[in-house]
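Worksheet: one structure, shown below.
For clarity, every value in this text was computed on a predicted model and none was experimentally measured. Just follow the structure's listing: the first ligand is 1, and inside any ligand the first atom is 1. Atom set for the values below is all heavy atoms of this structure, side chains included, hydrogens, waters and symmetry mates excluded.
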Amino acid sequence: TNAGTSTAPAAAPANKKITLGFAQVGAESGWRTANTKSIQDSAKAAGFELKFSDAQQKQENQIKAIRTYIQQKVDVIAFSPVVESGWDTVLKEAKDANIPVILTDRAVDSKDTSLYRTFIGSDFVEEGRKAGKWLVDKYKDSKDTVNIVELQGTTGSAPANDRKAGFEEVIKSSPNLKVIASQTGDFTRAKGKEVMQAFLKAHKNINVLYAHNDDMALGAIQAIEEAGLKPGKDITIISVDGVKDGFVAASEGKINFIVECNPLLGEQLMQAVNDVLAGKEIPKRIVTKEGVFTSEDAKRELPNRQY
Ligand code: GZL
């Protein structure tokens with residue numbers, strides 16, 4: 001028993017829950033849905049209070065959400081920037097408020113890298129290179145001209161810029177591979193279908209479609225079939241992401257090659273939140289692991305896919 005006169009120390013206040021403010025891009029694709037679920041499940045598992053917003057793919061909505069989190073004095077802010085540019089002002093406001101910022105999925109082009117602690121996401125240029133390498137290999141013995149149409153992701157977004165750059169960097173070694181049309185489908189099925197319909201009207205002989213995500217490829221497949229053509233046969237299709245519906249289409253031979261883009265970033269994000277709040281140094285760049293799948297691979301892997 002405590003015989004002395006000293007009083008027991010006041011009970012430390014119950015550990016205040018860590019609050020994470022997350023400003024999500026939107027709900028534009030199967031990839032985004034899986035990414036959101038990963039963040040919400042991982043925040044719960046980590047015991048964090050998650051404040052979550054959906055910007056409907058509009059930068060001004062993401063900026064508004066970040067300002068709200070600053071006013072609410074959250075412990076950490078994380079977001080997936082819908083486009084690369086235009087973030088310095090609001091990120092400086094977060095820095096002045098002493099709230100650390102973590103980037104997930106997409107990057108910003110801010111020169112001042114002190115504005116965020118780390119960027120957790122895929123190497124989109126490498127994803128574009130993987131798509132290009134498979135195509136160069138497919139046509140390595142052919143001299144015929146190969147007409148390629150490209151459905152780009154959201155204009156100004158890191159995945160759209162980098163997947164385009166990586167693909168072009170690799171196919172330029174094969175002059176017979178020609179991108180005859182390239183336009184944004186904004187990562188959605190609806191827009192992907194609409195733009196593919198326009199491509200089919202404007203070009204009589206399309207050999208390959210390179211889509212920056214499965215959702216646009218799936219929209220394009222509808223347009224291709226409505227035009228009486230066979231996707232995966234009359235038009236070779238390469239896509240990026242590897243969401244369930246993409247894998248189903250690949251297992252049916254409608255998509256020939258899928259470059260995986262892993263949306264399950266939640267666990268790595270929560271680890272980074274803990275490390276930042278513990279004052280640990282964390283790497284400026286954390287690259288997610290991901291693979292590639294032919295139609296054959298997709299048929300085999302389909303049962304194991306988590307999203
Ligand atoms: C990539 C991610 C992209 C996906 C699309 O990390 O930002 O946004 O490839 C999603 O499906 O809409």
Side-chain angles (χ1 to χ4, degrees), residues 22-39 54-59 61-62 78-85 87 102-109 118-131 150-167 183-193 195 209-221 237-250 255 257-269 285-293 305-307:
F22 192 90
Q24 181 59 295
V25 166
E28 73 283 359
S29 63
W31 190 98
R32 190 64 54 197
T33 308
N35 178 249
T36 289
K37 186 173 182 315
S38 168
I39 288 156
D54 169 336
Q56 284 99 36
Q57 289 186 279
K58 290 184 178 58
Q59 180 172 30
N61 291 345
Q62 280 193 302
F79 74 115
S80 165
V82 60
V83 291
E84 290 191 274
S85 312
W87 300 101
I102 294 172
L103 301 181
T104 67
D105 165 29
R106 298 186 185 176
V108 297
D109 61 9
T118 186
F119 162 42
I120 304 169
S122 304
D123 179 342
F124 301 131
V125 178
E126 189 49 34
E127 289 173 352
R129 289 194 193 101
K130 288 175 184 174
E150 180 180 27
L151 284 171
Q152 295 181 35
T154 302
T155 303
S157 70
N161 293 338
D162 294 352
R163 285 171 186 164
K164 187 172 190 310
F167 183 75
Q183 200 177 320
T184 183
D186 209 18
F187 282 133
T188 66
R189 290 191 193 204
K191 202 89 175 68
K193 177 175 182 177
V195 175
L209 163 64
Y210 169 42
H212 290 185
N213 83 329
D214 293 346
D215 287 77
M216 293 189 292
L218 292 161
I221 283 169
I237 299 181
I238 304 169
S239 179
V240 185
D241 274 354
V243 294
K244 177 74 77 185
D245 291 348
F247 260 74
V248 168
I255 293 179
F257 189 67
I258 290 191
V259 176
E260 185 183 31
C261 178
N262 185 347
L264 306 181
L265 307 177
E267 255 175 66
Q268 286 171 296
L269 171 58
R285 180 79 177 85
I286 301 169
V287 182
T288 26
K289 296 177 197 52
E290 49 208 24
V292 294
F293 301 85
R305 298 298 291 176
Q306 295 176 56
Y307 54 87

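Annotation: Phe79 is in aromatic contact with Trp87 [ring centroid separation under 6.0 Å].
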Which atom pairs, donor and acceptor, lie under 3.5 Å between side-chain atoms of residues 241-248 and protein residues at least two apart or in another chain?
| from | atom 1 | to | atom 2 | distance (Å) |
| --- | --- | --- | --- | --- |
| Lys244 | NZ | Arg305 | O | 3.4 |
| Asp245 | OD2 | Arg189 | NH2 | 2.6 |

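Residues Glu150 and His212 have side chains that bring a donor and an acceptor to within less than 3.5 angstrom of each other.
The residues lining ligand 1, counting any heavy atom closer than 4.0 Å, are Glu28, Ser29, Trp31, Arg32, Asp105, Arg106, Phe124, Pro159, Arg163, Phe187, Asn213, Asp241, Cys261.
Take Glu126 and apply the salt bridge (charged side-chain N to carboxylate O under 4.0 Å, His left out) test, not counting sequence neighbours, and it matches Arg129, Lys133. Under the rule for a salt bridge (charged side-chain N to carboxylate O under 4.0 Å, His left out), the partners of Lys37 that lie at least two apart in sequence or sit in another chain are Asp41.
The closest side-chain heavy-atom distance from Val240 to Lys130 is not below 4.5 Å.
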